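I have placed the structure first, in the form of structure tokens, so that the comments after it can refer back to it.
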Amino acid sequence: MKVDIHTHLWPCEETSKELVNYFASRGIDIERTLSADGLVASMKGVAELAVIATLAPAGNTSNADLVHFHEYVMKHTRQYPGKLMALCTIDPHNPRESLDYLADYIENKGFCGLKLHQNIQEFYPNDSALFPIYAKMQEYGLPILFHTGGIGIAPFIDKYSNVEALEEVACNFPSLPIIMGHAGRGQYVDTASILRKHKNVYADISANFGKLAGSEHLILSELVKTVKLWTGSVDKLLFGSDYPFYYGNPTLDLLERLPLQEPDFITQEDVRKIAEENAYAFLHKHILDNPRFTQN
């Protein structure tokens, strides 16, 4: 089964002005796009199952405010059982309260993991105040998807998502499944070093596009080559689109360019693993076969 491990949906009316401007600049109709129908349509030919990462809109978004976002995501995942799953999120600035919210979403509401976005939520992931959250997720055996690398949208600040901070998290919680969202976006040597060192850390390939016409694939090529060189394989690279920021088809198209451009280093088998196998294997190992996970 082909899996898109990194997508987002949120209530259209809750889109921040920064993101409204961003989507308008790219000609994206967010009212149509921010729906299960829009997401499932984008998956055609690319993925049979998508994981929706619930996204907080700002650094000061409380757990109480996030209830609306979770209800929206739950409503849409229930429209397409077996095709859509979801990660919850929490207020990282209030970790004691967040433990109760996390337990409710994981144990009672069918969420299959946790999403944290350091740049939007404005926190450092190696803050020890968050360690009880990580310990709980390690106890569940369910994954955390962290944003890594720059977000590329002003005025969000990129300093919170440097890859090296996750090294400390992985060292303190060696059994915690971690996905480095966007694979560090430019911090590829650091990303590859962490993937090599920590058996339960993975990275998704989403949003690694260049803007130079005709050479958009070169950044993704650098990521895949660096990880393969350091780790010996592409097995820890997972397919993700970052929908609605990017769609699955353009990501897949760039991925399929790589063996044509780098035939001595990136193979068709590498592409097949990233596009079709690795995310599904991750999903089975850490979610579907996990007795803690029951989808409501």
Side-chain angles (χ1 to χ4, degrees), residues 5-11 14-16 19 51-77 85-148 151 156-163 165-182 200-201 286-287 290-296:
I5 204 76
H6 190 150
T7 73
H8 304 285
L9 290 179
W10 63 84
E14 299 289 351
T15 308
S16 67
L19 291 184
V51 178
I52 301 169
T54 306
L55 195 63
N60 62 355
T61 306
S62 69
N63 286 311
D65 292 333
L66 286 169
V67 170
H68 178 45
F69 291 81
H70 287 105
E71 288 176 345
Y72 184 86
V73 169
M74 283 190 291
K75 179 183 75 173
H76 286 281
T77 56
M85 301 167 60
L87 310 177
C88 64
T89 191
I90 47 93
D91 175 7
H93 303 287
N94 194 355
R96 288 188 178 180
E97 177 189 86
S98 293
L99 272 174
D100 292 333
Y101 277 79
L102 178 66
D104 185 37
Y105 288 124
I106 296 293
E107 297 177 16
N108 302 320
K109 295 180 178 175
F111 286 84
C112 63
L114 176 63
K115 161 69 176 184
L116 293 171
H117 199 303
Q118 300 92 285
N119 294 0
I120 291 178
Q121 294 179 286
E122 299 179 344
F123 74 98
Y124 292 103
N126 56 346
D127 182 346
S128 61
L130 290 166
F131 282 14
I133 298 289
Y134 304 154
K136 192 65 175 177
M137 291 303 298
Q138 181 170 255
E139 178 187 330
Y140 288 139
L142 292 171
I144 303 179
L145 168 59
F146 289 95
H147 179 94
T148 59
I151 188 173
F156 301 112
I157 299 170
D158 289 341
K159 67 179 181 178
Y160 297 104
S161 58
N162 286 335
V163 168
L166 286 186
E167 231 277 293
E168 188 174 347
V169 178
C171 281
N172 279 280
F173 301 94
S175 299
L176 172 64
I178 293 172
I179 302 174
M180 301 168 67
H182 317 302
N200 286 314
V201 181
H286 296 293
I287 298 176
N290 186 327
R292 286 280 193 175
F293 173 63
T294 54
Q295 201 166 6
N296 293 341

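Please read all numbers here as calculations on a predicted model, not as lab measurements.
Ring orientation note: the planes of Tyr72 and His76 are tilted relative to one another, at an angle of 30° to 60°. Ring pair Phe131/Phe173 is perpendicular by interplanar angle, where above 60° counts as perpendicular and below 30° as parallel.
Across every non-hydrogen atom of Ala53 and Leu145, the tightest pair is CB-CD2, 4.0 Å. Annotation for Ala103 and Tyr140: closest pair CA-OH, 3.4 Å, computed over non-hydrogen atoms. Ser98 approaches Asp91 most closely through the heavy-atom pair OG-O, 2.6 Å. Closest heavy-atom contact between Pro95 and Pro92: CD-O, 3.7 Å. In plain terms, the two heavy atoms of Ser161 and Asn119 that are nearest each other are OG-OD1, 2.9 Å. In this structure, Ala165 and Asn126 approach most closely via the heavy-atom pair O-CB, 3.6 Å.
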- side chain to side chain contact (heavy atoms under 4.5 Å, CB included) assessment of Trp10 paired with Leu19: CA-CA 12 Å; Trp10 63 84; Leu19 291 184; 4.2 Å; yes
- Audit row: Leu87, Cys112, side chain to side chain contact (heavy atoms under 4.5 Å, CB included) steps and yes/no: CA-CA 5 Å; Leu87 310 177; Cys112 63; 3.8 Å; yes
- So His70 and Phe111, ring pair (Phe, Tyr, Trp, His ring centres under 6.0 Å) or not? Walk me through it. CA-CA 9 Å; His70 287 105; Phe111 286 84; 5.3 Å; yes
- Task: Please step through side chain to side chain contact (heavy atoms under 4.5 Å, CB included) for the pair Asn290 and His286, ending with a clear verdict.
- Result: CA-CA 6 Å; Asn290 186 327; His286 296 293; 6.0 Å; no
- Task: Please lay out, stage by stage, how Leu142 and Leu114 fare under the test side chain to side chain contact (heavy atoms under 4.5 Å, CB included).
- Result: CA-CA 8 Å; Leu142 292 171; Leu114 176 63; over 6 Å; no
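Atom NE2 of His8 and atom OG1 of Thr89 lie 10.5 Å apart (nearest 0.5 Å). In this structure, the separation between CG on Leu99 and CD1 on Ile90 is 8.0 Å, given to the nearest 0.5 Å. Taken to the nearest 0.5 Å, the NE2 atom of His93 stands 11.0 Å off from the CG atom of Asn63. The CD atom of Glu14 sits 4.5 Å away from atom NE2 of His68, with the distance rounded to the nearest 0.5 Å. The CG atom of Leu9 sits 10.5 Å away from atom NZ of Lys75, with the distance rounded to the nearest 0.5 Å. The distance from the SG atom of Cys88 to the CD1 atom of Ile52 is 13.0 Å, given to the nearest 0.5 Å.
The backbone N or O of Ile151 sits less than 3.5 Å from a side-chain atom of Asp158, completing a donor-acceptor pair. The backbone N or O of Leu176 lies less than 3.5 Å from no partner atom in the side chain of Asn200, so there is not a single donor-acceptor pair. In this structure, the side chain of Asn172 engages the main chain of Glu168 through a donor-acceptor pair within 3.5 Å. For the pair Thr148 (side chain) and Gly181 (backbone), a donor-acceptor distance under 3.5 Å is present. For the pair Gln121 (side chain) and Gly59 (backbone), a donor-acceptor distance under 3.5 Å is absent.
Taking the six-membered ring for Trp and the full ring otherwise, Tyr160 and His117 have centroids separated by 6.0 Å or more.
The side-chain contact (heavy atoms from CB on, under 4.5 Å) test with Ile144 is passed by exactly one of Val169, Leu166, Leu116: Leu116. Each of Leu55, Thr54, Ile179 was checked for a side-chain contact (heavy atoms from CB on, under 4.5 Å) with Lys115, and the lone residue meeting it is Leu55. A side-chain contact (heavy atoms from CB on, under 4.5 Å) with Phe146 is found for one member of Met180, His182, Gln118 and no other, namely Gln118.
Residues Val67 and Tyr101 meet the side-chain proximity criterion, which asks for heavy atoms closer than 4.5 Å. Annotation: side chain of Phe69 is in contact with side chain of Pro57 (closest heavy-atom distance under 4.5 Å). Proximity of Asp100 to Tyr105: side-chain heavy atoms (C-beta onward) are nowhere separated by under 4.5 Å.
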